[in-house]
Amino acid sequence: DVKVTQSSRYLVKRTGEKVFLECVQDMDHENMFWYRQDPGLGLRLIYFSYDVKMKEKGDIPEGYSVSREKKERFSLILESASTNQTSMYLCASSPRRVGGEQYFGPGTRLTVT
Amino acid sequence: AQSVTQPDIHITVSEGASLELRCNYSYGATPYLFWYVQSPGQGLQLLLKYFSGDTLVQGIKGFEAEFKRSQSSFNLRKPSVHWSDAAEYFCAVGAGTGFQKLVFGTGTRLLVSP
């Protein structure tokens, strides 16, 4: 079974802090994704990586950056956390093939105070 | 650009009754379509997917979905709902190069009454 793990289930940070969210997958998938989930808005793509050191902006990249130094690991970085970044963050991975299904981690609920 | 509409925010169904969750997509050609389920406090789990071929797709946990090109719909169904089916359900369409990104609907929360 594909396993996608996220470093924390719950995280509380202060405004202005630098925040790192880590995601690791064990299925040698080329693609990895970071989503933000908010009530009534569904999942919105923040960033997408299709290979090591490669990234592509999603629909809402402002205030976020990403890092992918190894194939299995994809990090989301909040350079200076703000209260409007309080949300559920979901990581996913998929193989590089047309219409490849995505496998999701359990999510990190981030609260910025 | 692809988009997905799930018109029902909440649905309440009695245990044992049938279920249909609606999903409409916007895309000119044959889409790649997915249904995911999210139990409380969990990540998303794939229920089923449609790429081509038979328009009635079987998934896990007794779910099925029917692709109707004429209606741009991909509705999810289950003949008899169990209390454990209470969750949030998301419809998604493949997007971008090779349809490797997903565009999600806003979700439908299913409540199951005794």
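What's counted below: heavy atoms across the whole structure, side chains too, no hydrogens, waters or symmetry copies. Naming convention: chains lettered A, B, ... in sequence-line order (proteins, then strands); numbering from 1 in each chain.
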* Option in B/Ala92, B/Gly41, B/Gly105 with maximal non-hydrogen atom pairs under 4.5 Å from chain A -> B/Gly41
* Same apolar cluster: A/Leu45 and A/Leu21, side chain cutoff 4.5 Å -> no
* Asked: Which atoms of B/Leu102 come close to chain A, meaning under 4.5 Å heavy atom to heavy atom: side chain ones, backbone ones, both, or neither?
  -> both
* Given the rule that I, L, V, M, F, W and Y join up when any side-chain heavy atoms are under 4.5 Å apart, are A/Tyr64 and A/Tyr50 in one cluster? -> no
* Heavy-atom distances under 4.5 Å only: say whether B/Gln38 touches chain A with side chain, backbone, both or neither. => side chain
* Asked: Counting heavy atoms not belonging to A/Leu41, are there more than 12 under 6.0 Å from its CG?
  -> yes
* Shared hydrophobic cluster for B/Leu56 and B/Trp35 (ILVMFWY, side-chain gaps under 4.5 Å) -> no
* Any donor-acceptor N/O pair, B/Tyr36 side chain to A/Gln102 backbone, under 3.5 Å -> yes
* Asked: For the hydrophobic clusters of this structure (ILVMFWY residues joined by side-chain heavy atoms under 4.5 Å, transitively), does one cluster hold both A/Tyr47 and A/Tyr103?
  -> no
* Give, as side chain, backbone, both or neither, the part of A/Pro95 having an atom under 4.5 angstrom from any heavy atom of chain B. => backbone
* Asked: Is B/Ile11 reachable from B/Val37 through a run of hydrophobic residues whose side-chain heavy atoms are each under 4.5 Å from the next?
  -> yes
* To do: Say whether, by atom type as modelled, one donor and one acceptor occur between the side chain of A/Arg44 and the main chain of B/Val103 under 3.5 angstrom.
  => no
* If you tally heavy-atom pairs under 4.5 Å against chain A, which of B/Arg109, B/Lys101, B/Gln45 wins? -> B/Lys101
* Compare every heavy atom of B/Leu44 with every heavy atom of A/Phe104, then report the nearest pair and how far apart it is. => CB-O, 3.5 Å
* From A/Phe48 atom CZ to B/Gln100 atom CD, the distance as rounded to the nearest 0.5 Å -> 5.5 Å
* Asked: How about B/Phe90 and A/Gln37: do any of their side-chain heavy atoms sit closer than 4.5 Å?
  -> yes
* Can you tell me how far CG of A/Leu43 sits from OG1 of B/Thr106, rounded to the nearest 0.5 angstrom? -> 11.0 Å
* Reported CZ-to-CG distance for the pair B/Phe104 and A/Asp59, which is rounded to 0.5 angstrom -> 11.5 Å
* Structure fact -> Whatever's closer than 4.5 Å to a heavy atom in chain B on A/Tyr35 counts as side chain
